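As the structure lists them, so they are numbered: ligands from 1, and atoms in each ligand from 1. Source: prediction; values computed, not measured.
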Amino acid sequence: MHLPDYKEAKKRNKSNVEEEKYELNDNLINIGLNKKYHIKTYGCQMNEHDTENIKAMLEQIGFTECEDQEKADLVILNTCSIRENAHNKAFGMLGRLKHQKEEINKNLIIGLCGCMAQEEKVVNDIMKKYKYVNFVFGTHNIHRLPYILNEAFKTKKQVIEVYSKEGNIIEGIPAKRANKYKAYVNIMYGCDKFCTYCIVPFTRGKQRSRESIDIIKEVNKLIKEGYQEVTLLGQNVNAYGKDFDYNYRMENLLEDVAKTNIPRIRFMTSHPWDFTDKMIDVIAKYDNIMPSIHLPVQSGSNKILKLMGRKYTKESYLELFDKIKTKIPRVTVSTDIIVGFPGETEEDFQETLDLVNYCKYDNAFTFIYSERDGTPACRLKEVIPMDVREDRLQRLNEVVNKYFLENNNKLLGEVLPVLVEGISDKKNIYYGYSDTNKLVNFTSDKELEFGDIVNVLITEIHTWSIDGRVK
Ligand code: 5AD
Ligand code: SF4
């Protein structure tokens with residue numbers, strides 16, 4: 001039994017990260033034969049992509065996917081720890097699964113993985129209070145799933161296998177991708193930033209960058225399979241390569257991926273601290289790197305940014321923001337903002353509003369600060385009452401929404417390139433995203449192929465989407 005341990009997870013050592021190949025033992029090939037699985041995924045794109053890996057591994061060992069959770073023989077929850085409500089959702093679902101096991105299928109196998117599996121407290125609770133959960137595995141040992149399942153089947157005991165130390169990068173894990181035209185490609189794992197509110201450096205471990213040769217190989221394979229877009233994924237992609245002992249960074253990777261000629265490249269998430277001028281130049285130079293940047297600011301107050309351990313000031317953020325806006329034609333910028341961080345006064349919050357009024361973001365994900373056990377911010381004394389946090393969120397949302405609409409209004413009459421992703425059944429209307437990451441609903445006189453990139457004339461504006469017709 002391997003249990004999570006925060007002290008171990010917090011350690012950052014210099015030991016080299018090696019590359020290992022995913023291998024499946026022949027004797028596991030049929031353990032899921034005639035059994036159906038269902039996975040529920042919470043949280044970020046990293047988790048979504050992990051789910052794609054989990055699905056492919058399950059299908060390698062004989063399982064088939066099943067849409068209806070109640071008909072499944074195996075249900076896995078791929079969980080998120082970032083805020084308390086993500087926790088609550090997963091625990092709520094565990095309650096429903098208990099009922100399903102008692103009332104519908106007593107042989108139901110229940111598994112839990114993802115970031116919550118890396119939390120000491122969660123795993124302790126599962127061992128004590130959720131004995132009906134058959135297995136738990138962490139974010140560092142996804143590749144072990146077939147073996148863990150096998151053990152759970154054989155021993156009929158609760159199997160807990162969570163590594164706190166990251167270990168190596170595992171190459172060659174198969175993926176059953178959710179989308180035929182857009183693919184997630186991991187470029188790095190973990191995060192070394194330790195923003196004081198954030199649980200990720202504990203649940204995802206130290207930063208480990210994938211070798212560019214493996215990334216390019218994956219992108220080339222995706223191109224052959226007909227993919228039009230890749231999103232390069234990492235908790236802090238701008239720090240890509242900082243853990244290598246040679247000089248190859250995000251700007252080099254972006255350029256090499258651009259040279260594969262895949263039509264669309266996106267990347268997320270960026271930390272303002274590591275965003276270099278060279279990166280901006282590369283993004284501006286290549287047409288296939290999309291002019292849409294996610295640049296989380298978190299707060300507009302220098303005092304709060306310092307308490308958050310963000311390592312930049314409002315002034316240096318704005319300098320970077322201006323550079324991005326002037327150097328990358330047509331660029332759109334989105335952000336993440338937290339309100340109600342300990343010590344945030346009304347004046348600090350006003351500074352956040354001022355910053356939003358300056359940046360006029362195209363999109364913003366806004367959050368109420370949520371205490372995460374074990375993070376440094378939990379020890380801060382000046383806790384903001386929940387009603388104040390809620391009030392600030394509402395006021396912030398009013399301001400950000402105003403700019404979504406204002407920015408979209410400027411697009412009226414413009415022609416945007418849109419990747420055709422699907423058609424909504426009811427209205428015969430296609431949908432997809434523009435290069436600038438706007439959701440576009442549009443009509444066409446001719447029938448369109450999904451996966452094509454078409455020019456759409458924008459004819460109507462809403463806050464969260466825009467409408468148009470193919471030109
Ligand atoms: N409370 C609220 N929001 C958080 N985020 C990360 N940790 C917390 C927390 N403890 C937000 C940040 C981050 C996004 C992914 O989630 O804004 O950028
Ligand atoms: Fe969390 Fe900060 Fe790392 Fe992002 S950069 S994952 S907010 S610690």
Asks: Has ligand 1 got any nitrogen or oxygen that is less than 3.5 angstrom from a nitrogen or oxygen of R83?
Replies: yes

Asks: Check Q298 against ligand 1 and report side chain, backbone, both or neither, counting heavy atoms closer than 4.0 Å.
Replies: side chain

Asks: Work out whether the distance between some heavy atom of T375 and some atom of ligand 1 is less than 4.0 Å.
Replies: no

Asks: Counting only heavy atoms from other residues, nucleotides and ligands, does the tally under 6.0 Å from CZ of F321 exceed 12?
Replies: yes

Asks: Could you check whether S299 and S301, counting side-chain N and O atoms only, form a donor-acceptor pair closer than 3.5 Å?
Replies: no

Asks: Ion pair present between E255 and K278, side-chain N to carboxylate O less than 4.0 angstrom?
Replies: no

Asks: Just to be sure I read this right, does ligand 1 sit under 4.0 Å from the backbone of Y197, its side chain, both, or neither, counting only heavy atoms?
Replies: both

Asks: Would you give me the side-chain donor-acceptor pairs under 3.5 Å for residues 213-222, sequence neighbours excluded?
Replies:
residue : atom : partner : partner atom : Å
E218    : OE1  : R210    : NH1          : 2.7
E218    : OE1  : R210    : NH2          : 3.0
E218    : OE2  : R177    : NH2          : 2.7
N220    : ND2  : I216    : O            : 3.4
K221    : NZ   : E225    : OE2          : 3.3

Asks: Which pairs count as ring-ring contact (aromatic ring centres under 6.0 Å, His included) when at least one residue sits in residues 330-354, sequence neighbours excluded?
Replies: F341-Y369

Asks: Please state which part of I82 comes within less than 4.0 Å of ligand 1, counting heavy atoms only: side chain, backbone, both or neither.
Replies: both

Asks: Salt bridge check: are K193 and D274 linked by an N-O gap of less than 4.0 Å?
Replies: yes

Asks: For atom 15 (C) of ligand 1, which of the options I337, T335, T366, D336 provides the nearest non-hydrogen atom?
Replies: D336

Asks: I338 heavy atoms, cut-off 4.0 Å: which ligand 1 atoms fall inside?
Replies: 3 (N), 4 (C), 5 (N), 12 (C), 17 (O)

